[in-house]
Amino acid sequence: MNMRYSKISGWGKYVPEKVLTNFDLEKMVDTSDEWITQRTGIKARRIAADDETTSTMAVAAAHKALDVAKLTPTDLDLIIVSTSSPDHLVPIVSSTVQHQLGATCPAFTVVTGCTGFVYGLATGHQFIATGAYDNVLVIGVELISRFVDWTDRNTCVLFGDGAGAVVLTPSNTPTGVKAIDLGSDGAKGMSLAVPGLGTAMKLDHDVIDRGDHYLKMDGRTVFKFATRVMPQSTLKVLENAGMTIDDIDLLIPHQANARIVDLAVRRLGISPDKVFLNLQKYGNTSAASIPLALVEAYEEGRIKEGDHVCMVSFGAGLTWASAIVQWGQPLGDSAEIMDEDLIWDIDALRRKLARASTGVRVKARTLMEETSYKASSLMLPLYTSVGRRLPWSKKKEK
Ligand code: UT7
């Protein structure tokens with residue numbers, strides 16, 4: 001059976017109109033534009049209007065992604081909504097989104113905090129890779145401003161609302177989601193929590209009086225965790241893809257804090273030119289942060305056809321998640337190689353592959369160096385299509 005890859009065929013974003021600047025916050029809590037800028041890099045964030053909900057923002061981003069993919073809601077086979085700020089605890093917001101979109105497919109919610117979009121992307125990819133579904137919509141959305149205590153300067157300066165969505169569709173050439181790394185470490189989970197909502201605590205006036213229905217955070221603990229796992233997870237996902245940091249065209253980190261990103265970038269040794277940041281405009285939009293950045297990076301021309309984009313995030317749980325995605329359909333060259341007559345001259349094949357995209361080049365080199373068939377899921381199509389043309393395949397056939 002041919003390997004099925006999941007290509008990003010559609011993308012869209014939505015941010016509320018209302019802008020809350022650092023100067024606005026100076027009037028609300030004991031803070032300053034200088035402190036927020038120096039400690040976080042954030043200058044402004046968007047805040048949802050009273051008549052907006054998580055589902056309305058998700059649906060707005062989803063419509064745009066579907067338009068780009070040239071699909072209608074009824075074409076969808078699955079909807080995954082990643083959020084920690086749903087409209088209600090029950091019913092799940094993914095079903096509300098499915099209904100509001102007018103889709104007729106299954107839908108579920110992924111709740112892993114800021115890593116939710118990458119967890120959702122990884123999950124959607126599995127459904128496509130196994131052949132279970134064709135058109136999967138993955139949304140990262142957060143209306144976190146309703147869980148923020150606007151009198152707590154430790155948290156209220158950090159967060160904002162927004163939504164980003166992608167449509168995944170199957171492709172039989174290697175593109176789209178190339179590798180993932182997911183992780184969880186619940187030991188320090190309560191360092192980023194809404195302690196009073198859920199079954200661990202009966203919701204009563206004491207909970208409300210203590211403000212335990214709001215987001216609480218031990219910023220330093222989360223900061224230390226983030227600066228450790230961001231580079232670790234990036235290196236792991238690169239290893240899983242058989243790539244090095246030099247193969248990455250753009251790094252899209254979770255947009256939480258420019259200082260966290262800066263430390264991670266220095267540890268990874270990637271040029272800051274290859275790192276995308278829009279947290280200055282939106283703050284930390286949790287599960288929406290990565291897709292919002294992905295869409296804006298594309299809109300600003302920072303992602304081109306065939307580019308390898310590495311997304312890396314950390315968040316509540318505590319969790320981490322990263323993914324390497326190849327943008328577009330860059331493998332025309334490899335299709336050309338596969339359509340040609342058998343190539344027995346290994347150097348000719350090497351030259352051909354060297355002219356193909358970076359992704360193919362990496363896999364081809366690995367293929368030649370590892371003559372034993374150590375099939376990774378990403379390499380199967382090349383083995384099946386190109387492998388039969390190599391000298392050892394010929395011997396085998398005899
Ligand atoms: O998606 C994951 C979500 N969470 C995060 O990404 C958070 C990760 N952590 C961070 O980004 C940082 O820890 C913060 C930005 C939250 C805080 O920066 P920091 O450099 O770790 O500051 P701090 O917590 O060590 O606080 C330093 C000082 C404290 O005052 P004292 O105790 O030294 O007198 C704070 O009370 O800064 C004070 N402070 C503020 N001052 C002005 C805390 N928040 C503010 C504020 N304005 N908004």
Side-chain angles (χ1 to χ4, degrees), residues 14-16 45-48 52-59 61-62 79-97 107-123 138-150 152 154-156 158-165 182-186 188-201 203 207 211-219 221-222 225-226 229 254-257 279 282-293 311 313-321:
Y14 174 80
V15 287
R45 64 288 291 146
R46 299 297 179 100
I47 305 296
E52 287 186 300
T53 61
T54 302
S55 59
T56 62
M57 295 200 303
V59 167
I79 299 171
I80 300 173
V81 179
S82 304
T83 189
S84 296
S85 48
D87 291 7
H88 308 280
L89 207 52
V90 179
I92 52 167
V93 70
S94 39
S95 292
T96 313
V97 169
F108 61 84
T109 303
V110 169
V111 192
T112 58
C114 305
T115 58
F117 176 77
V118 180
Y119 263 81
L121 190 77
T123 310
V138 183
I139 306 170
V141 55
E142 217 76 70
L143 203 165
I144 203 161
S145 63
R146 302 235 166 103
F147 288 103
V148 165
D149 178 354
W150 290 100
D152 174 13
N154 290 301
T155 52
C156 76
L158 302 175
F159 296 99
D161 302 330
L182 307 177
S184 168
D185 178 1
K188 299 242 164 68
M190 292 311 283
S191 58
L192 180 50
V194 181
L197 296 184
T199 59
M201 207 179 280
L203 184 59
V207 168
D212 280 351
H213 56 307
Y214 289 129
L215 189 71
K216 307 271 182 189
M217 186 178 66
D218 169 359
T221 300
V222 180
F225 172 79
V229 299
H254 172 40
Q255 310 284 312
N257 183 324
L279 59 80
Y282 302 127
N284 180 350
T285 57
S286 186
S289 132
I290 295 255
L292 259 183
M311 313 168 198
S313 61
F314 64 91
L318 300 175
T319 54
W320 64 90

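Sequence positions, counted from 1, serve as the residue numbers for this chain.
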Least distance between heavy atoms, [X] atom then [Y] atom:
X: Gly116; Y: Ser82; answer: O-OG, 2.7 Å
X: Pro195; Y: Lys216; answer: CD-CG, 3.7 Å
X: Glu52; Y: Pro16; answer: OE1-CB, 3.5 Å

Practice problem: Mind checking the CG-CG spacing from Leu279 to Leu292? Nearest 0.5 Å is all I need. | Solution: 11.5 Å

Quiz item: Hey, what do you get for OG1 (Thr221) to CG (Leu192), rounding to the nearest 0.5 Å?
Solution: 10.5 Å

Quiz item: Checking side-chain contact (heavy atoms from CB on, under 4.5 Å) for the pair Ile144/Asp161: CA distance, chi angles, key distance, verdict?
Solution: CA-CA 6 Å; Ile144 203 161; Asp161 302 330; 3.8 Å; yes

Quiz item: Should the pair Trp320 and Phe225 be assigned to parallel (<30°), tilted (30 to 60°) or perpendicular (>60°) ring geometry?
Solution: tilted

Does any part of the side chain of [Y], heavy atoms only, come nearer than 4.5 Å to the side chain of [X], both counted from C-beta?
X: Tyr214; Y: Thr155; value: no
X: Leu215; Y: Asp149; value: no
X: Trp150; Y: Ser145; value: yes
X: Pro86; Y: Thr54; value: no
X: Phe159; Y: Arg45; value: no
X: His88; Y: Thr96; value: no

Quiz item: With Glu142, which of Thr285, Thr83, Asn284 fulfils side chain to side chain donor-acceptor pair (under 3.5 Å)?
Solution: Thr83

Quiz item: Can you check whether Asp218's main-chain N or O pairs, donor with acceptor, with Ser191's side chain at less than 3.5 Å?
Solution: no

Practice problem: Tell me, with the steps shown, if Leu121 and Met311 meet side-chain contact (heavy atoms from CB on, under 4.5 Å). | Solution: CA-CA 11 Å; Leu121 190 77; Met311 313 168 198; 4.2 Å; yes

